[in-house]
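Read through the structure below, which is laid out as C-alpha cells, and then see the notes.
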Amino acid sequence: MLRLGVNIDHVATLRQARRTYEPDPVTAAAIAKLGGADVITVHLREDRRHIQDRDLRLLRQTVPYGLNLELSCAEEILDIAIEVCPDQATLVPERREEVTTEGGLDVVSDPDRIAQVVHRLQGAGIAVSLFIDPDEAQVRQAAALGVEAVELHTGAYALATGREAERELKRLLSAAAVCRDVGLHLHAGHGLTYDNVAPVARIPMMRELNIGHSIVSRAVFVGLQEAVAQMKHAMETALLQREMS
Ligand code: PXP
C-alpha cells in the first residue's frame with residue numbers, strides 16, 4: 001500500500017501571516033482525512049514559523065491514525081516530540097534562513113549525534129525516518145543507525161526538467177534499490193506535485209509520499225478535501241500503471 005502523508009504546514013503559514021486563529025491546521029487535518037490522507041505530517045520548526053506547539057498537541061489527540069512529526073535534532077524540539085509521542089518522527093536538517101528544508105540530513109558526516117537522537121525517539125516508542133538525499137552512502141548509514149525508514153529527498157527531481165529529471169529519477173530508483181537491499185521502509189517527498197508525482201509513486205516498494213505545498217495550493221481553488229482526493233487519485237493511477245506494466 002502507498003500512503004499519502006499530507007503536510008499541512010502551509011495551512012499554518014497562512015494563519016501565522018496574520019497571527020490569528022484561522023485557518024486552523026487541526027481542522028485541515030480532519031478535512032484531509034476525509035479526502036483520503038493516510039498520514040498527517042507537520043514540521044515543528046525551532047522558529048515556529050508555521051506549526052505551533054498547540055497545533056501539535058491537538059493533532060496528537062485528533063489524529064490517532066498516523067501522525068508524522070518532522071523535526072531537527074534540536075534538544076528543545078526533541079523533548080516536545082518525546083512528550084507528544086507522534087507515530088513517526090522524521091529527522092530533517094533545519095537552517096533558520098532557509099525558505100523550506102533544502103538538503104537532506106547528512107547522516108554520514110554526523111552519525112553519532114543522529115544515533116543519540118534516534119535512540120531517544122525509539123526509546124519513547126516512536127518509529128524514526130531519516131530525510132536524506134538519494135545517495136547510496138546515506139542510505140547505508142541510515143540502515144546502520146537502525147531506523148525504520150528513510151524519506152528520499154525528491155527536491156532535485158522536482159526542480160529538474162528533461163534529461164536532468166530523468167537522471168534525478170534514476171538516482172531515486174538506485175537509492176530505492178539500496179533501501180530494499182538493506183531492509184528499510186521507503187518514503188519520499190519534497191516538491192512533489194500533481195504533474196511529477198507519478199514516476200515517484202511507481203518506484204517499487206514505495207510506501208509513503210509526503211506532500212504539502214502542491215496540495216495546499218490547489219486547495220485554495222478546489223477545497224482541501226478535493227485537493228487531497230485528486231492527489232490520492234494521481235498516486236493510485238500511477239500504482240495501477242505499475243501493476244499493469
Ligand atoms: N518531506 C519533508 C521531509 C519536508 O521537509 C517537506 C517540507 O516541509 C515535505 C516533505 C513536503 O514538501 P512540499 O511542501 O514541497 O510538498
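In each ligand, atom 1 is the first atom listed, and ligand 1 is the first ligand listed. The chain is numbered in sequence order, starting from 1.
- Remark: Lys232 engages Asp38 in a salt bridge, criterion side-chain N to carboxylate O under 4.0 Å.
- Between Gly212 and ligand 1, a contact under 3.5 Å exists for at least one N or O pair.
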Run the numbers on Glu75 and Arg120 for salt bridge (charged side-chain N to carboxylate O under 4.0 Å, His left out), then give the verdict.
CA-CA 11 Å; Glu75 206 61 41; Arg120 280 194 65 197; 2.7 Å; yes
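- In terms of polar-atom proximity, Asn210 is not counted as a contact of ligand 1, lacking any N or O under 3.5 Å from an N or O of the ligand.
- Contact analysis puts Gly191 in contact with ligand 1, with a non-hydrogen atom separation below 4.0 angstrom.
- Near Val92, with a cut-off below 4.0 Å to any heavy atom, the atoms of ligand 1 are 3 (C).
- Residue contacts with ligand 1: Leu192 is placed with no nitrogen or oxygen under 3.5 Å of a nitrogen or oxygen of the ligand (distance criterion only).
- Near Phe131, the atoms of ligand 1 lying under 4.0 angstrom from a non-hydrogen atom of the residue are 3 (C).
- Below 4.0 Å from some heavy atom of Ile211 lie the following atoms of ligand 1, by number and element: 16 (O).
- For the residue pair His43/Glu94, the side-chain donor-acceptor check at 3.5 Å is satisfied.
- For the pair Arg15 and Tyr21, the NZ or CZ position fails the cation-pi test of under 6.0 Å to the six-membered ring centre and within 45 degrees of the ring normal.
- Across His187, Glu70, Glu208, heavy-atom proximity to atom 5 (O) of ligand 1 is greatest for Glu70.
- Looking at Asp24 and Arg54, a side-chain N of the basic residue comes within less than 4.0 Å of a carboxylate O on the acidic one, giving a salt bridge.
- Close contacts of ligand 1 with His213, meaning ligand atoms under 4.0 Å from a residue heavy atom, involve 13 (P), 14 (O), 16 (O).
- Looking at Thr41 and Asn68, their side chains do bring a donor and an acceptor atom within 3.5 Å of each other.
- Tyr157 places a side-chain N or O within 3.5 Å of a backbone atom of Asn196 that can act as its donor or acceptor partner.
- The shortest N or O to N or O distance between Glu151 and ligand 1 is under 3.5 Å.
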